[in-house]
Amino acid sequence: MKRREFITLVGGVAAWPLAAQAQQSKPEIGFINAASAQSYARQLAAFLKGLAETGYIDDRNVAIQYRWAEGQNDRLPEMAADLVRRKVAVIAATSTPAAVAAKSTITTVPIVFETGGNPVELGLVTSLSRLGGNVTGVTQSSVEVAPKRLELLHELIPAVRVMALLVDPTDAGTTNTTASDVMTAAHGFGLQLHILQASSEADFEGVFAKLSQLGVGGLVVAGGPFFVSHREELAAMALHHKVPVAFQHREFAAAGGLLSYGSDITDSYRLTGIYTGRILKGDKPADLPVQQATKVELYINLKTAKALGITVPLTLSGRADEIIE
């Protein structure tokens with residue numbers, strides 16, 4: 001073997017451990033969510049965009065370990081514990097069930113949560129500004145705007161006196177508050193409100209049968225990853241059963257649902273990505289006050305309204321971010 005070839009060979013062998021070391025030196029982020037990657041693709045893209053704004057790109061200078069519970073919230077604590085065992089640098093716990101599970105499981109790794117609930121009431125932090133500990137994050141106002149969805153639905157169908165609220169009993173972090181707030185709003189409007197539950201797609205047929213049995217004329221769907229994951233199925237069934245339904249995100253109205261009103265969830269995920277990147281750069285969770293994504297959006301499907309025999313008043317259509325026809 002020639003001397004030059006030998007030197008090249010030795011140099012290449014010596015470089016292998018260096019390349020492996022460089023690969024291992026990428027900081028790791030744990031990303032945990034109660035839903036699925038397919039149903040939360042838009043939210044994930046917004047998270048990655050926020051992360052990129054701080055200079056971190058997945059598979060380039062950071063590695064992300066994804067954990068999707070696929071609607072099985074009982075898996076979340078073990079998923080969170082597994083991320084700790086992997087020694088990730090920071091955990092982005094997105095969706096309320098994931099945030100609650102991470103907070104109850106993890107005390108040593110920085111956590112950036114994303115939730116539609118009140119972080120103080122959920123026990124994620126003791127204060128929105130003076131945090132302490134290893135947790136900070138972003139909240140969207142999905143719980144706070146649930147009564148507003150009832151109000152908007154009431155404005156569209158003022159003659160209806162019996163309404164219902166659909167909640168996910170496995171998402172206890174937001175269900176109780178949402179039910180209480182919407183019930184209070186219903187009493188204020190002089191409406192009778194029934195609380196119905198669903199935690200699997202198989203429950204939907206029973207829910208719509210119950211609506212007919214109870215004489216319910218309008219349905220408000222609570223927020224949460226389970227319903228977000230099944231927004232298209234809910235929209236299709238609502239149209240099939242001719243039930244006016246108000247939900248949270250534009251995709252619901254775009255899929256044929258009557259009304260969507262809620263926070264711009266992509267904004268809260270982008271902010272979560274930014275906080276995650278800032279912690280990788282050295283910021284401490286205790287120094288990052290909880291942010292709130294305050295932008296809310298109203299979408300009305302005019303085609304569905306016509307199919308249901310509902311006339312959308314100009315006072316309401318004029319306030320919509322988009323009228324879908």
Side-chain angles (χ1 to χ4, degrees), residues 35 38-50 94-95 114-116 138-158 160 163 165-166 178 182 185 189 217-273 291-325:
Q38 181 179 7
S39 62
Y40 267 55
R42 192 167 67 100
Q43 290 88 327
L44 177 58
F47 171 81
L48 294 175
K49 179 182 178 183
T94 59
S95 73
E114 188 283 333
T115 177
V138 181
T139 176
Q140 39 160 316
S141 52
S142 63
V143 169
E144 291 85 344
V145 301
K148 183 66 176 180
R149 284 200 285 274
L150 178 69
E151 179 183 340
L152 292 167
L153 194 58
H154 177 53
E155 191 173 341
L156 273 174
I157 47 175
V160 171
M163 300 274 201
L165 171 70
L166 183 60
T178 301
V182 176
F189 296 128
L219 175 66
V220 174
V221 179
F226 169 67
F227 294 129
V228 172
S229 297
H230 294 282
R231 56 191 177 266
E232 293 184 358
E233 294 95 322
L234 279 168
M237 293 187 72
L239 193 58
H240 175 73
H241 291 276
K242 298 190 181 305
V243 178
V245 178
F247 189 42
Q248 185 174 0
H249 302 304
R250 182 190 183 280
E251 288 88 348
F252 176 77
L258 174 62
L259 166 73
S260 294
Y261 182 79
S263 298
D264 179 2
I265 194 170
T266 58
D267 189 39
S268 64
Y269 271 75
R270 184 184 68 83
L271 293 172
T272 303
Q291 295 192 74
Q292 183 170 22
T294 56
K295 181 184 178 183
V296 292
E297 301 172 319
L298 170 62
Y299 300 96
I300 300 171
N301 190 311
L302 189 59
K303 183 178 179 180
T304 298
K306 290 178 179 178
L308 296 173
I310 296 172
T311 300
V312 179
L314 290 175
T315 54
L316 186 56
S317 61
R319 293 170 4 226
D321 291 87
E322 182 182 354
I323 297 292
I324 299 171
E325 301 185 66

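Below, each value reflects all heavy atoms present in this structure, side chains not excepted, and no hydrogens, waters or symmetry copies. As the structure is a computational prediction, the values presented were derived from the model and not from experiment. For this chain, numbers begin at 1 and follow the sequence in order.
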## Note on the structure
Heavy atoms of A307 and L239 approach each other most closely as CB-CD1, 4.5 Å

### Task
Could you please spell out the steps behind the side-chain contact (heavy atoms from CB on, under 4.5 Å) verdict for L234 and V245?
CA-CA 9 Å; L234 279 168; V245 178; over 6 Å; no

### Query
When you look at L271 and S268, which way does the side-chain contact (heavy atoms from CB on, under 4.5 Å) test go after all the steps?
CA-CA 5 Å; L271 293 172; S268 64; 5.5 Å; no

### Query
Can any side-chain N or O of S229 pair as donor or acceptor with the backbone N or O of A35 at less than 3.5 Å?
no

### Query
Can you tell me how far the CG atom of L165 sits from the CG atom of L150, to the nearest 0.5 Å?
8.5 Å

### Task
Tell me, with the steps shown, if N301 and L258 meet side-chain contact (heavy atoms from CB on, under 4.5 Å).
CA-CA 5 Å; N301 190 311; L258 174 62; 5.6 Å; no

### Query
How far does CZ of R270 sit from CD of Q291, to the nearest 0.5 angstrom?
8.5 Å

### Task
Looking only at non-hydrogen atoms, find the nearest pair between P147 and V182 and report the distance.
N-CG2, 3.9 Å

### Message
I need the minimum non-hydrogen distance between Y40 and P225, along with the two atoms involved.
### Response
OH-CA, 3.1 Å

### Spacing of CD belonging to E322 relative to CG belonging to L302, to within rounding of 0.5 Å
11.5 Å

### Audit row: M163, V220, side-chain contact (heavy atoms from CB on, under 4.5 Å) steps and yes/no
CA-CA 8 Å; M163 300 274 201; V220 174; 5.9 Å; no

#### Entry: From D264 atom CG to H249 atom NE2, the distance as rounded to the nearest 0.5 Å
9.5 Å

### Message
For E155, run the side chain to side chain contact (heavy atoms under 4.5 Å, CB included) check against L153, L152, I157 and tell me which one passes.
### Response
L152

### Task
Say whether, by atom type as modelled, one donor and one acceptor occur between the side chain of T304 and the main chain of G256 under 3.5 angstrom.
yes

### Message
With a 4.5 Å cut-off on side-chain heavy atoms, are D321 and Y299 touching?
### Response
yes

### Query
When you look at CD of E232, are more than 12 heavy atoms from neighbouring residues, nucleotides or ligands closer to it than 6.0 Å?
no

### Message
Do K148 and Y261 have side chains that approach each other closer than 4.5 Å (heavy atoms only, starting at C-beta)?
### Response
yes

## Note on the structure
Closest non-hydrogen contact found for T178 with A146 is CG2-CB, 3.8 Å

### Check: P244 and L156 side chains under 4.5 Å, non-hydrogen atoms
no

## Note on the structure
Separation between NZ (K303) and CD1 (I323), nearest 0.5 Å, reads 15.5 Å

### Task
Evaluate the side-chain proximity of L44 to T94: yes if any heavy-atom separation is below 4.5 Å, no if none is.
no

### Message
Within this structure, what is the CZ-OG distance for the pair F227 and S39, rounded to the nearest 0.5 Å?
### Response
13.5 Å

### Task
Of all the heavy-atom pairs spanning I300 and A320, show the shortest one and how long it is.
CD1-CB, 4.3 Å

### Message
Check this for me, if you would: do E297 and R250 make a salt bridge, where the nitrogen-to-carboxylate-oxygen distance has to be below 4.0 angstrom?
### Response
no

### Task
Say whether, by atom type as modelled, one donor and one acceptor occur between the side chain of Q43 and the main chain of T266 under 3.5 angstrom.
no

### Task
Considering non-hydrogen atoms only, spot the tightest contact between E114 and Q140 and give its length.
OE2-NE2, 2.7 Å

### Task
Return yes if some donor-acceptor pair links the side-chain N/O of R231 with the main-chain N/O of F252 below 3.5 Å, else return no.
no

### Query
Is the shortest heavy-atom distance from the side chain of L219 to the side chain of H241 under 4.5 Å?
no

